[in-house]
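For reference, the structure is listed below as structure tokens.
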Amino acid sequence: LVRSVVEGDNRPEGFEAKGGGAAYHAGGDPLRICVLVVGDNLQSAYPEAMSASRWPVTVREVVPWANGVEGQIAGTCRGAEISFFDTRFYANRHKYVVGREYNFQVSAFAYVVGPAPDNEVEIEAGAKVSLKGARAYMPANLGQNTGADIDEFWFHSPLEAAPTTAELAGKQLSALPVTLALPEDFEMRLPLYAAEHTMAPGTESVQPEADLEGYLWLQGYLSED
């Protein structure tokens with residue numbers, strides 16, 4: 001797959017790197033494969049969602065990876081703490097200023113998703129509240145020894161509308177529209193892309209307004225406008 005992406009892209013996107021770098025792409029809207037090459041060495045390959053939702057994010061930290069061409073953004077969206085993998089870090093890493101707000105196009109891929117159980121969570125003084133209809137998320141790395149990264153989250157959210165389908169590398173994925181939270185009444189809406197093997201039994205039968213729950217990988221890229 002990686003070889004076919006590199007050989008099939010006649011107009012790779014060049015970027016600054018020691019020895020020269022290039023980003024090769026295959027596919028298009030809404031999903032594509034991105035392959036990063038520095039010099040003659042493959043650095044990474046990952047799926048990238050082109051159709052996403054715009055979130056205003058105030059950057060708190062820029063987290064470069066060891067290879068220098070990939071990284072994550074940590075910050076806040078209308079006060080809600082969020083971190084995500086920057087799919088175009090290789091191109092935009094020098095543009096970010098900590099403390100400044102930027103518009104990012106945000107989406108996610110499911111690790112696992114399914115119908116949410118009708119459960120309750122305990123809050124202050126031992127009181128319990130139902131999660132039914134809630135739009136909630138939390139970092140997957142809150143527990144000890146989870147091995148989760150900062151861009152991985154647990155979520156519980158109603159399905160906002162009927163799913164659509166998308167293709168990536170010859171495989172069909174479902175695009176599930178969900179909203180992670182509503183800080184300051186801003187809808188942290190995004191498309192959640194789920195491959196068949198990530199969907200628990202019964203997921204395909206979930207109707208709009210019914211709750212979904214699972215784990216996801218959050219990604220985004222800097223808006224051009």
Side-chain angles (χ1 to χ4, degrees), residues 1-77 82-111 139-141 147-153 166-171 173 175 190-193 195 216-225:
L1 175 60
V2 170
R3 182 187 295 273
S4 66
V5 172
V6 173
E7 292 178 348
D9 189 347
N10 295 320
R11 300 182 62 184
E13 178 184 356
F15 58 85
E16 180 184 347
K18 185 177 181 179
Y24 297 85
H25 303 102
D29 192 13
L31 299 174
R32 70 180 183 180
I33 297 290
C34 179
V35 175
L36 301 183
V37 175
V38 175
D40 295 325
N41 299 315
L42 171 68
Q43 294 296 315
S44 186
Y46 51 83
E48 180 180 13
M50 305 296 292
S51 292
S53 298
R54 189 164 75 169
W55 293 7
V57 176
T58 300
V59 174
R60 174 173 50 81
E61 185 180 6
V62 179
V63 186
W65 289 7
N67 61 18
V69 296
E70 292 178 283
Q72 296 151 311
I73 302 296
T76 57
C77 175
I82 204 74
S83 302
F84 56 89
F85 176 74
D86 185 349
T87 61
R88 301 182 190 174
F89 188 83
Y90 58 86
N92 298 320
R93 63 190 187 278
H94 300 306
K95 298 180 180 179
Y96 304 128
V97 176
V98 171
R100 183 173 295 177
E101 182 180 279
Y102 300 87
N103 288 320
F104 286 90
Q105 299 292 329
V106 182
S107 58
F109 286 87
Y111 289 123
N141 61 7
D149 209 338
I150 63 172
D151 51 17
E152 299 172 331
F153 294 87
E167 184 173 316
L168 180 67
K171 297 185 180 296
L173 281 74
L190 55 75
L192 174 63
Y193 294 98
L216 58 79
W217 172 48
L218 199 64
Q219 65 166 232
Y221 61 87
L222 187 65
S223 293
E224 295 181 359
D225 54 0

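The residues of the chain are indexed from 1 along the displayed sequence. Predicted model only: the values in this text are computed from it and were never measured.
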With distance as the sole test, does Q219 use its side chain to make a donor-acceptor pair with the main-chain N or O of A49 at under 3.5 Å? yes
CZ/F84 to CD/E152 distance, rounded to the nearest 0.5 angstrom? 15.0 Å
Closest contact, heavy atoms only, V35 versus A45: CG2-CB, 4.0 Å
Kindly indicate whether the side chain of L31, heavy atoms from C-beta on, has any atom under 4.5 Å from the side chain of F109. yes
Using 30° and 60° as the class limits, which term best fits the ring planes of Y96 and Y102: parallel, tilted or perpendicular? perpendicular
List the steps, then state whether side chain to side chain contact (heavy atoms under 4.5 Å, CB included) holds for V62 with I73. CA-CA 5 Å; V62 179; I73 302 296; 4.3 Å; yes
Do you know which two heavy atoms are closest between A17 and G21, and how far apart they sit? CB-N, 4.2 Å
Do Y90 and S44 make a side-chain contact, defined as non-hydrogen atoms from C-beta onward lying under 4.5 Å apart? no
More than 12 foreign heavy atoms under 6.0 Å from CG of D40: is that the case here? no
Could you measure the distance from the CD atom of Q72 to the CD1 atom of I150? Nearest 0.5 Å is fine. 4.0 Å
Exceeds 12 heavy-atom contacts within 6.0 angstrom, atom CD of E167: yes
Check: C77 and P56 side chains under 4.5 Å, non-hydrogen atoms: yes
Backbone N/O of V69 and side chain of N67: donor-acceptor pair under 3.5 Å: yes
Would you call L36 and F15 a side-chain contact if the rule is heavy atoms closer than 4.5 Å? yes
Whether the side chain of Y24 engages the backbone of V2 through a donor-acceptor N/O pair (distance < 3.5 Å, no angle test) should be reported. no
If only atom types and distance count, is the side chain of D9 paired as donor or acceptor with the main-chain N or O of H25 below 3.5 Å? yes
Minimal heavy-atom distance between L222 and K95, with the atoms involved, is CD2-CD, 4.1 Å
Would the number of heavy atoms belonging to other residues, nucleotides or ligands and lying under 6.0 Å from CZ of R100 be above 12? no
May I ask you to decide if the ring planes of W65 and F85 are parallel, tilted or perpendicular, using 30° and 60° as cut-offs? tilted
Looking only at non-hydrogen atoms, find the nearest pair between R60 and S83 and report the distance. NH2-OG, 4.4 Å
Would you compute the distance between atom CH2 of W55 and atom OG of S223 and round it to the nearest 0.5 angstrom? 12.5 Å
Closest heavy-atom pair, V106 versus P191, reported as atoms and distance to 0.1 Å, is O-CD, 3.8 Å
Please step through side chain to side chain contact (heavy atoms under 4.5 Å, CB included) for the pair L168 and Y193, ending with a clear verdict. CA-CA 10 Å; L168 180 67; Y193 294 98; over 6 Å; no
Working to the nearest 0.5 angstrom, can you tell me the gap between T58 OG1 and I82 CD1? 12.5 Å
Run the side chain to side chain contact (heavy atoms under 4.5 Å, CB included) test on E13 and R88 for me, step by step, so that the C-alpha distance in whole Å, both residues' side-chain angles and the decisive distance to 0.1 Å come before the verdict. CA-CA 11 Å; E13 178 184 356; R88 301 182 190 174; 5.9 Å; no
Looking at S107 and A52, what are the two nearest heavy atoms and their distance? CB-CB, 4.0 Å
Side-chain contact test, heavy atoms from C-beta onward, threshold under 4.5 Å: evaluate it for L190 versus L218 and give yes or no. yes
Once you round to the nearest 0.5 Å, how far does OG of S53 lie from CZ of F104? 15.0 Å
Can you tell me if T87 uses its side chain to pair, donor with acceptor, with the backbone of E48 under 3.5 Å? no
Hey, what do you get for CG (L216) to CZ (F153), rounding to the nearest 0.5 Å? 7.5 Å
